[in-house]
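For reference, the structure discussed in these notes is given below.
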Amino acid sequence: MSMGPRKGTRRACDPCSIRKVRCDGNLPCSRCTAASWDCTYLKTHGKSGPKGPRRTTEAAIRRLQERSRGDVELNRSESEGSLDDGSQGTIDFPLMDSIPPCNPELDGFGWPDAASPTFPTFQTFSRPRRQSRISTSSISHYLDVYQVRGYPIWPVVDTEALLARLLTHSDDMEAYGLASAICSAAISQFQIDAEPGSHIEGHYRISSALFETEARRARKQFDHMEHMTVGSLLTTFFLHVYSANIGRMTTSTILLGEAITKAHIMGLHKLSYYQSLSVGEKQHSLRIYWLLFITERAHSIQHDVPVMLKRAPDLPPLENLSDGSISPAFIQLCRLFNILDVTITADPSTARKALALAQQELNDDEPSRNLENELQRADISMTQQWMRIFLWQHSLSVTRLRSTDEEDEFSFSFPAKVAQNVLGYLSSLSRESLEAHGPGMETKLFDIANSLADVMICIPSANSETSFRIGPRDLIHNLAILLGTFRGGNPAVVSILQEKLTTLGLSVSSPQRLIDISSSEDDWDTKKCIRSGTARSITWSEGASYTPL
């Protein structure tokens with residue numbers, strides 16, 4: 001027996017739900033009729049968002065439902081009426097939530113008309129104009145992406161608690177701004193729009209740019225520049241991540257500086273800030289501090305800007321509480337950047353000793369190889385090798401290097417050894433695990449390849465080195481291929497490397513065998529040649545005091 005169409009239904013039949021296609025709500029629906037399938041509605045549809053909420057979250061949701069059930073039903077009926085337009089994509093939840101009217105001067109920051117052309121204009125509503133925002137259901141899908149893929153990289157946000165705030169306090173613009181900023185960072189970092197078959201396939205895709213717009217509107221509305229909170233700081237940080245991912249490096253640098261300034265004002269770099277906190281709160285604040293610390297150090301090296309964040313020697317240690325709030329990989333990453341910072345700020349009289357000690361510590365790859373998470377293993381292993389190259393570049397300005405040296409870290413053959421290590425690691429890593437770390441990973445690989453290319457150009461005789469199972473030309477060629485096919489590859493990186501490959505005679509498909517040309521340059525001239533090609537100025541503050549974790 002056939003039933004009439006179910007107008008305004010938000011539930012798809014079982015076959016359409018599994019296939020992630022739009023269901024017309026009939027019984028049987030047109031798609032099942034065409035495919036000769038049984039059209040059933042047996043699947044239980046739970047509420048959206050993370051599964052298994054805390055009791056406090058469930059209680060908060062019930063209070064919200066009891067307090068504003070009438071208004072929610074009105075919003076739902078309007079949303080369903082506007083979405084029943086026969087469009088191709090199935091939308092299982094309202095895209096927009098209504099929020100109380102805000103100041104007239106902020107109306108210009110409302111949801112862009114291009115976001116959803118099927119929505120009626122706000123002026124057609126009979127009741128007073130209400131500004132719209134992205135629905136909590138939509139946000140929850142992208143927060144799930146952050147929780148699964150982004151939290152190991154940025155372990156600073158409890159998404160379940162954040163969702164509870166969004167559900168129980170519809171006017172909490174600080175929480176809404178933070179959630180939007182996280183979504184913009186996650187979408188741009190993991191290129192979700194380019195991933196077919198993802199768990200949000202079939203839903204209305206919201207771009208990272210629209211999330212960023214909403215985050216900026218929200219933080220302006222709660223006056224983030226005057227209200228210094230952890231949420232305000234993290235909103236700025238994730239906007240920095242988004243800007244870096246789309247190539248807006250000036251904006252990214254300014255936002256990172258803003259986040260660090262907020263950390264200074266709040267006192268995250270002072271021991272007194274942590275003394276009255278509980279163990280959980282103390283460790284969360286420390287994670288925020290160390291995230292800013294390692295992000296700024298890497299950003300400073302890669303973009304030649306001075307650092308701002310300082311640390312007291314007696315800051316509490318970062319610990320793994322075994323509660324899932326932090327991974328051993330994040331602690332290891334903090335330790336690596338601490339080693340780098342201590343070495344760079346060492347006294348010139350002990351620079352060579354400090355460099356040798358740091359290279360020895362960074363050469364230990366056992367901790368990274370023992371990591372089960374491939375995303376974390378890629379981050380730690382590539383960061384270690386990149387740091388070794390950076391410290392080798394730093395040694396050009398503080399000590400003498402020779403063509404042959406018993407200490408590899410002070411020889412011109414060192415970049416080839418690091419490049420060989422990198423290719424060895426890459427054989428056990430997927431491309432996705434590298435590309436998930438965004439432009440930062442691309443920059444690290446480029447620095448390694450660029451240093452090797454400079455040595456090969458400045459010391460032609462080194463190109464015929466036979467102490468490796470594969471030669472330097474093979475190493476640079478393979479690294480160039482990887483960078484040339486890196487997702488969202490930086491054209492400037494590819495151009496610089498291609499120019500140097502041309503100089504080395506490697507731009508052709510079958511490069512000729514290198515003729516051994518002896519170099520008449522002495523070591524000092526070679527050193528100047530390499531420094532002019534790759535080395536950047538050391539912008540970290542001199543004399544800073546740092547102690548290991």
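Numbers for residues simply follow the sequence, beginning at 1. Below, all heavy atoms of this structure are taken into account, side chains as well, without hydrogens, waters or symmetry copies.
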So, do [X] and [Y] sit near enough that their side-chain heavy atoms are less than 4.5 Å apart?
X	Y	answer
Phe330	Ile153	no
Thr350	Asp347	yes
Ser325	Arg287	yes
Ile182	Thr159	no
Ile301	Leu340	yes
Gln359	Phe414	yes
Leu239	Thr251	no
Pro348	Val398	no

Q: Kindly determine whether Asp365 and Tyr425 satisfy side-chain contact (heavy atoms from CB on, under 4.5 Å), including the steps that lead there.
A: CA-CA 10 Å; Asp365 62 354; Tyr425 290 120; 2.7 Å; yes
Which pair of non-hydrogen atoms, one from [X] and one from [Y], has the smallest distance, and what is that distance?
X	Y	answer
Phe337	Ala298	CE2-N, 3.7 Å
Leu391	Leu355	O-CD2, 3.7 Å
Leu268	Tyr289	O-CD1, 3.9 Å
Ala480	Leu501	CB-CD1, 3.5 Å
Val145	Ala186	CG1-CB, 4.5 Å
Ala181	Ala215	N-CB, 3.7 Å

Q: Starting from the C-alpha separation in whole Å, work towards a yes-or-no answer on side-chain contact (heavy atoms from CB on, under 4.5 Å) for Val418 and Leu452.
A: CA-CA 9 Å; Val418 172; Leu452 176 58; over 6 Å; no
Side chain [X], main chain [Y], donor-acceptor under 3.5 Å:
X	Y	value
Gln189	Tyr146	no
His227	Phe222	yes
Arg216	Gly177	no
Ser451	Ile448	no
Thr503	Glu499	yes
Tyr176	Ile134	yes
Asn338	Cys334	no
Ser285	Lys282	no
Thr213	Ala209	yes
Gln332	Ile380	no

Q. With the threshold set at 4.0 Å, does a side-chain nitrogen-carboxylate oxygen contact exist between Glu258 and Arg219?
A. yes
Q: Determine, for Glu214 against Arg217, whether the closest basic-nitrogen to carboxylate-oxygen distance falls under 4.0 angstrom.
A: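 A salt bridge links Glu214 with Arg217.
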Q: Run through His299, Glu296, His303, His240 and flag the one making a side-chain hydrogen bond (donor to acceptor under 3.5 Å, both in side chains) with Thr253.
A: His299
Q) Which is it for Thr229 and Glu174 under the side chain to side chain donor-acceptor pair (under 3.5 Å) test, yes or no, and what are the steps along the way? A) CA-CA 9 Å; Thr229 63; Glu174 181 184 13; 2.3 Å; yes
State the [atom1]-[atom2] distance between [X] and [Y], to the nearest 0.5 angstrom.
X	Y	atom1	atom2	value
Leu497	Ile476	CG	CD1	5.0 Å
Ser327	Leu371	OG	CG	8.0 Å
Leu286	Ile288	CG	CD1	9.5 Å
Thr261	Met266	OG1	CE	12.5 Å
Ile187	His141	CD1	NE2	12.0 Å
Ile260	His269	CD1	NE2	11.5 Å

(Q) Apply side-chain contact (heavy atoms from CB on, under 4.5 Å) to residues Thr295 and Leu291 and explain how you reach the verdict. (A) CA-CA 6 Å; Thr295 301; Leu291 179 62; 4.0 Å; yes
Q. Hey, would you say the Phe211 and Tyr142 ring centroids sit under 6.0 Å apart?
A. yes
(Q) Centre-to-centre under 6.0 Å for Phe238 and Trp154, is that the case here? (A)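 They qualify: ring centres under 6.0 Å apart.
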Q) Taking the six-membered ring of Phe410, is NZ or CZ of Arg352 closer than 6.0 Å to its centre and within 45° of its axis? A)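 Positive - Arg352 is close enough to the ring of Phe410 and near enough to its axis.
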Q) Does Arg297 make a cation-pi contact with Phe293, if we ask for NZ or CZ under 6.0 Å from the ring centre and within 45° of the axis? A) yes
Q: Please test Asp447 against Phe390 for side-chain contact (heavy atoms from CB on, under 4.5 Å), starting from the C-alpha separation and ending with a verdict.
A: CA-CA 8 Å; Asp447 285 347; Phe390 175 74; over 6 Å; no
Q.
For a side chain to side chain donor-acceptor pair (under 3.5 Å) check, start with the C-alpha distance between Lys444 and His437, then their side-chain angles and the critical distance, and finish with the verdict.
A. CA-CA 11 Å; Lys444 292 172 184 176; His437 294 284; over 6 Å; no
Q: Indicate whether any N or O donor in one side chain lies under 3.5 Å from an N or O acceptor in the other, for Glu409 and Ser395.
A: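 No pair is found: no donor N or O on one side chain lies under 3.5 Å from an acceptor on the other.
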(Q) Counting neighbours of CD on Glu319 that are heavy atoms of other residues, nucleotides or ligands and sit closer than 6.0 Å, is the number greater than 12? (A) yes
